[in-house]
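Notes follow once the structure below has been shown.
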Amino acid sequence: VQLQASGGGLVQAGGSLRLACAASGRTFSSYAVGWFRQAPGKERDCVAAINWNGGTLYYADSVKGRFTISRDNAKNTVYLQMNSLKPEDTAVYYCAARLAGWLVPGAKPIPGQYDYWGQGTLVTVSS
């Protein structure tokens with residue numbers, strides 16, 4: 001599976017962006033997918049994740065109510081809608097997919113659980 005993340009850019013605080021993670025491969029619909037972000041000098045953390053059929057979602061506390069993850073398996077694409085952006089959301093955002101398509105409800109996904117990674121897209125939120 002190859003992942004291509006897109007949609008990053010420069011936005012003012014309070015603005016919105018929608019990231020997309022497009023995947024190759026016919027089995028993508030069976031994978032769980034996560035969006036991770038990494039700011040300079042910080043660890044890579046999961047902000048949102050979705051299981052294979054969209055029935056189980058995870059959001060980091062810092063983005064709950066502002067970010068929405070969704071997937072369109074017919075298009076092999078997972079989206080991250082980001083609203084009410086804050087300067088602290090500034091980071092490189094990566095999408096990642098794992099062969100195990102399920103998520104443990106409430107459990108924070110960690111990078112080591114994911115098998116495939118996209119190249120990252122930079123999100124910069126100005127104050």
Side-chain angles (χ1 to χ4, degrees):
V1 172
Q2 291 185 321
L3 305 177
Q4 179 75 35
S6 62
L10 174 63
V11 64
Q12 288 188 330
S16 298
L17 284 173
R18 188 175 80 155
L19 305 183
C21 177
S24 63
R26 287 175 289 180
T27 59
F28 181 71
S29 60
S30 66
Y31 293 5
V33 176
W35 282 100
F36 294 76
R37 68 185 181 189
Q38 188 167 21
K42 294 190 176 181
E43 295 184 347
R44 189 173 297 189
D45 272 339
C46 184
V47 295
I50 188 167
N51 77 326
W52 69 278
N53 68 353
T56 304
L57 307 177
Y58 167 86
Y59 293 102
D61 287 342
S62 59
V63 307
K64 280 181 182 176
R66 300 189 298 121
F67 290 12
T68 302
I69 190 170
S70 62
R71 68 189 300 160
D72 184 340
N73 284 340
K75 295 183 178 180
N76 274 5
T77 304
V78 172
Y79 303 97
L80 185 68
Q81 178 66 44
M82 305 187 296
N83 298 329
S84 302
L85 282 162
K86 304 175 181 180
E88 50 264 43
D89 294 319
T90 295
V92 177
Y93 283 71
Y94 300 88
C95 63
R98 54 179 264 169
L99 292 167
W102 41 267
L103 295 178
V104 176
K108 179 181 178 180
I110 58 175
Q113 296 170 333
Y114 285 73
D115 304 294
Y116 304 98
W117 290 83
Q119 83 289 1
T121 185
L122 177 62
V123 172
T124 304
V125 184
S126 62
S127 56

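If you're wondering where the values come from, they're calculated on a predicted model, not measured in any experiment. We number each residue from 1, following the sequence as shown.
Judged by distance alone, the side chains of S16 and N83 do bring a donor and an acceptor atom under 3.5 Å apart. Inspection of the Y79 and R18 side chains reveals no N or O donor paired with an N or O acceptor under 3.5 Å.
Following chains of ILVMFWY side-chain contacts shorter than 4.5 Å, one cannot reach V63 starting from Y58, and the two form parts of different hydrophobic clusters. Using a 4.5 Å cut-off between side-chain heavy atoms of Ile, Leu, Val, Met, Phe, Trp and Tyr, with links allowed through other members, V1 and V33 fall into the same hydrophobic cluster. L122 and L80 fall into different hydrophobic clusters, where Ile, Leu, Val, Met, Phe, Trp and Tyr residues are linked whenever their side-chain heavy atoms come under 4.5 Å apart, directly or through other members. Grouping the Ile, Leu, Val, Met, Phe, Trp and Tyr side chains by contacts below 4.5 angstrom, directly or via other members, places Y59 with V123.
A side-chain donor-acceptor contact under 3.5 Å links N73 to the backbone of W52. Here the side chain of T90 pairs a donor or acceptor atom with the backbone of V125 at under 3.5 angstrom. Checked by atom type and distance alone, the side chain of N51 pairs as donor or acceptor with a backbone atom of T56 at under 3.5 Å.
Here the straight-line distance linking atom SG of C95 with atom CD of Q119 works out to 7.0 Å at 0.5 Å rounding. To the nearest 0.5 Å, atom CD of residue E88 and atom OG of residue S62 are 8.5 Å apart. Note that CZ of F28 is 6.0 Å distant from CG of N76, once rounded to the nearest 0.5 Å. Note that the CZ atom of R37 and the CG atom of D45 stand 8.0 Å from one another [nearest 0.5 Å]. Atom CG of L17 sits about 9.0 Å away from atom CG of L10, to the nearest 0.5 Å. Residue S24 holds its OG atom at 10.0 Å from CD of Q4, rounded to the nearest 0.5 Å.
Under the 30°/60° scheme for interplanar angles, the aromatic rings of Y114 and F36 are found to stand perpendicular.
When all heavy atoms of I50 and V78 are compared, the pair lying nearest together is CG2-CG1, 4.2 Å. Of all the heavy atoms in M82 and L85, the pair that sits closest is CB-CD2, 3.8 Å. Shown here for P87 and A13, the closest heavy-atom pair between the two residues is CD-CB, 4.1 Å. Of all heavy-atom pairs spanning C46 and P109, the tightest one is CB-O, 3.5 Å. L3 and A97 make their closest contact through CD1-N, 3.7 Å (heavy atoms, listed as atom of the first residue, atom of the second, distance). The shortest non-hydrogen separation linking R66 to S84 is NH1-O, 2.9 Å.
Taking the ring axis of W117 as reference, the NZ or CZ atom of R44 stays within 45° of it and closer than 6.0 Å to the ring centre.
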For I69 and L57, run side chain to side chain contact (heavy atoms under 4.5 Å, CB included): C-alpha distance rounded to whole Å, both residues' side-chain angles, the deciding distance at 0.1 Å, then the answer. CA-CA 8 Å; I69 190 170; L57 307 177; 3.9 Å; yes
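Around CD of Q2, the count of heavy atoms belonging to other residues, nucleotides or ligands within 6.0 Å does not exceed 12.
In this structure the side chain of V92 never reaches within 4.5 angstrom of the side chain of T121, judged on heavy atoms.
Taking the six-membered ring wherever Trp is involved, the centroid distance between the rings of W35 and F67 does not fall below 6.0 Å.
Under a 4.0 Å N-O distance rule, the pair D61/K64 qualifies as a salt bridge.
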